[in-house]
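Structure first, commentary second.
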Number of protein chains: 2
Amino acid sequence: MEASAPRRRTRIQQEKRDLILEAALEVFSARGFRGATIDQIAEAAGMSKPNLLYYFRSKEDIHETLMQRLLDTWLAPLRELDEIGDPLTELLGYIRRKLEMARDFPRESRLFANEILQGAPRIMPMLEGELKALVDEKAAIIERWMHAGKIARTNPYHLIFSIWATTQHYADFDVQVRAVLGPERSGDGRFEDAARFLEGLFMEGLRPKG
Amino acid sequence: MEASAPRRRTRIQQEKRDLILEAALEVFSARGFRGATIDQIAEAAGMSKPNLLYYFRSKEDIHETLMQRLLDTWLAPLRELDEIGDPLTELLGYIRRKLEMARDFPRESRLFANEILQGAPRIMPMLEGELKALVDEKAAIIERWMHAGKIARTNPYHLIFSIWATTQHYADFDVQVRAVLGPERSGDGRFEDAARFLEGLFMEGLRPKG
DNA sequence: CGAAATTTTGACCGGTTGGACAAACGTTAG
DNA sequence: CTAACGTTTGTCCAACCGGTCAAAATTTCG
């Protein structure tokens, strides 16, 4: 007795689905939704195409599940921004966490970048709902910090955008960063250089005058 | 008597090719190379697919021509960065020009973003050649400004990256910016808000202490 | 006008892709 | 053992896509 969609029961089924999602993350992030093929995902997951389609109804289904499962991870750094803490420390911490995500989860970053570049056809409701609500909440916190004189007065939304942009750049435009830095400066050290630079940029830019 | 590739002769041929490139920019920037179809480009250009293929040998040919033709426009703002001028003014001018390009040429921005996200399979030589050379040259200028005490000491490469990231963000992630700002704050004013914010961010961040 | 050159198109082709399906395979439990 | 259930795969299909081709339509030019 089951509903139309087969419910995940066994641990084996759950593991297979996770395996497929991992493979799909690899392929989708590298080629985009339309550029990826089910065959490529199946091969990356070590199974045949019909077998993959036994666990997911369609390519769209894989993508949707992947997006939903990654969303929490992706927004976690911003969720941690805490009004109680020291404003500059909190913002620098957010920048650091975001940069670490660009370093440790570049595929997730590219997956979202791909989706948004194409006009976000599949996640627009999430952007206008969950994301907007979260940003509104945190922007209000930042604004209270500004009014309290803890950080320089500026536009909190564009501040958040600038943090997204500067950190995700190292994941989304990785090949360009590497090409410009050259082989000798493209080692792991580039993330530490980036962290130092961004700390300096935002620190001085956000420090209240006087 | 002609070479293998038919040379552009008439004004009409040139205009048709321009028309196709304009249509291709629209389609490629919105869907990526693999997501775009020749039929879509042909329709956007108001002609049939075989007719389009009379003017360009292949889809790759269109993309390559488009990239080459856009490259100069895209790098122009950085080329204008002048060692003779006042460092802070020069950098702010560069930021402003880049932001204006994100506002006035968002399709070009997304075209390059799409290409780089996919690993830059078609323009890697340009990144490692022309782009790297230009950035090396300008980074050297910035470094001399730093040593002269005109601007704060920091990593000139990451400074350039941060300018690219923050400005192009408003073109590449436009739908996300609009979704987060909401309908009421997504008017043309958002670019002026962004300009003000970025000027504050970089000004304070780059001003030498003392 | 009329011939030559250029431009446009309908029809077609081979390869790819998302997905369906039934048969085969394996596993588990009575 | 064997029936039932879950899993895997070979095969197939229709739609799509990049590109070809020959013929038709149009323009150019003597």
Side-chain angles (χ1 to χ4, degrees), chain A residues 1-21 23-28 30-67 114-115 118 121-122, chain B residues 1-28 30-67 114 118 121-122:
Chain A
M1 291 314 115
E2 278 302 338
S4 58
R7 274 271 137 273
R8 253 70 70 233
R9 255 174 304 217
T10 72
R11 191 169 48 86
I12 291 180
Q13 284 206 0
Q14 193 54 263
E15 284 172 2
K16 288 275 182 173
R17 283 176 64 94
D18 289 346
L19 186 69
I20 292 169
L21 289 174
L25 173 60
E26 187 71 28
V27 177
F28 278 142
R31 336 248 325 203
F33 181 79
R34 304 208 50 174
T37 72
I38 298 183
D39 271 312
Q40 290 165 351
I41 299 173
E43 191 189 344
M47 64 180 68
S48 65
K49 179 170 66 170
N51 195 13
L52 183 150
L53 286 169
Y54 171 75
Y55 290 103
F56 286 91
R57 277 191 304 273
S58 67
K59 189 180 172 184
E60 289 269 3
D61 188 20
I62 304 173
H63 191 267
E64 192 184 323
T65 306
L66 193 58
M67 281 290 186
N114 253 310
E115 180 66 12
Q118 314 295 324
R122 279 168 275 272
Chain B
M1 290 311 116
E2 276 303 336
S4 57
R7 275 269 137 276
R8 253 69 71 233
R9 255 172 304 214
T10 72
R11 191 169 48 87
I12 290 180
Q13 283 205 3
Q14 193 55 263
E15 285 172 2
K16 290 275 182 175
R17 282 176 65 94
D18 289 347
L19 186 69
I20 292 169
L21 290 173
E22 157 66 24
L25 172 60
E26 187 72 28
V27 178
F28 279 142
R31 336 247 327 203
F33 182 79
R34 303 207 50 172
T37 72
I38 297 183
D39 271 312
Q40 289 165 351
I41 299 173
E43 191 188 344
M47 64 180 67
S48 65
K49 178 170 66 171
N51 195 13
L52 183 148
L53 286 169
Y54 170 74
Y55 291 102
F56 287 91
R57 277 190 304 274
S58 67
K59 189 180 172 184
E60 289 269 2
D61 187 21
I62 304 174
H63 191 267
E64 193 185 324
T65 306
L66 193 57
M67 281 290 187
N114 254 310
Q118 314 295 323
R122 279 168 274 273

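A note on names: the letters A, B, ... follow the listed sequences, proteins ahead of strands, and every chain is numbered from 1. From a predicted model like this one, the values you see are computed outputs, not experimental measurements.
In terms of modelled atom types and a separation under 3.5 Å, the side chain of B/R17 and the main chain of B/Y55 share a donor-acceptor contact.
A/M47 has its CE atom 11 Å from the P atom of D/dT7, to the nearest Å. One interatomic measurement links the two molecules: CD of A/E43 to C1' of D/dT8, which rounds to 17 Å at whole-angstrom precision. Going from atom CD1 of B/I20 over to atom P of C/dT7 covers 11 Å, rounded to whole Å. Between the CD1 atom of A/I41 and the C1' atom of C/dT16 there is a distance of 15 Å, given to the nearest Å. Atoms CZ (A/R17) and P (D/dT7) sit 12 Å apart, rounded to a whole Å. The OH-P distance, from A/Y55 to C/dG19, rounds to 18 Å in whole Å. Atom CD in A/Q13 sits roughly 15 Å away from atom C1' in C/dG26 (whole-Å rounding). With rounding to whole Å, A/L52 atom CG is found 13 Å from C/dA20 atom P.
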key: Evaluation steps, side chain to side chain contact (heavy atoms under 4.5 Å, CB included), between A/M67 and A/R122   = CA-CA 9 Å; A/M67 281 290 186; A/R122 279 168 275 272; over 6 Å; no

query = Please walk me through it: do A/F28 and A/I41 pass side chain to side chain contact (heavy atoms under 4.5 Å, CB included)?
reply = CA-CA 8 Å; A/F28 278 142; A/I41 299 173; 3.8 Å; yes

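One finds no side-chain N or O of A/N51 lying less than 4.0 angstrom from the OP1 or OP2 phosphate oxygen of D/dT7. Between A/Y54 and the phosphate of D/dT7, there is a side-chain N or O to OP1/OP2 separation shorter than 4.0 Å.
Using cut-offs of 30° and 60° on the angle between ring planes, the pair B/H63 and B/F33 is perpendicular.
The listed nucleotides are D/dC21, C/dT6, C/dT8; the one nearest the side chain of B/S48 is C/dT8.
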Scan nucleotides 16-18 of chain D against the protein and return all N/O pairs shorter than 3.5 Å with their distances rounded to 0.1 Å.
| residue | atom | partner | partner atom | Å |
| --- | --- | --- | --- | --- |
| D/dG18 | OP1 | B/A36 | O | 3.2 |
| D/dG18 | OP1 | B/K59 | NZ | 2.8 |
| D/dG18 | OP2 | B/I38 | N | 3.0 |
| D/dG18 | N7 | B/K49 | NZ | 3.0 |

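Summarising the geometry of A/K49 relative to A/I38, their closest heavy-atom pair is CG-CG2, 3.6 Å, with the distance given to 0.1 Å. Between B/L21 and B/I62 the shortest heavy-atom distance is CD2-O, 3.9 Å.
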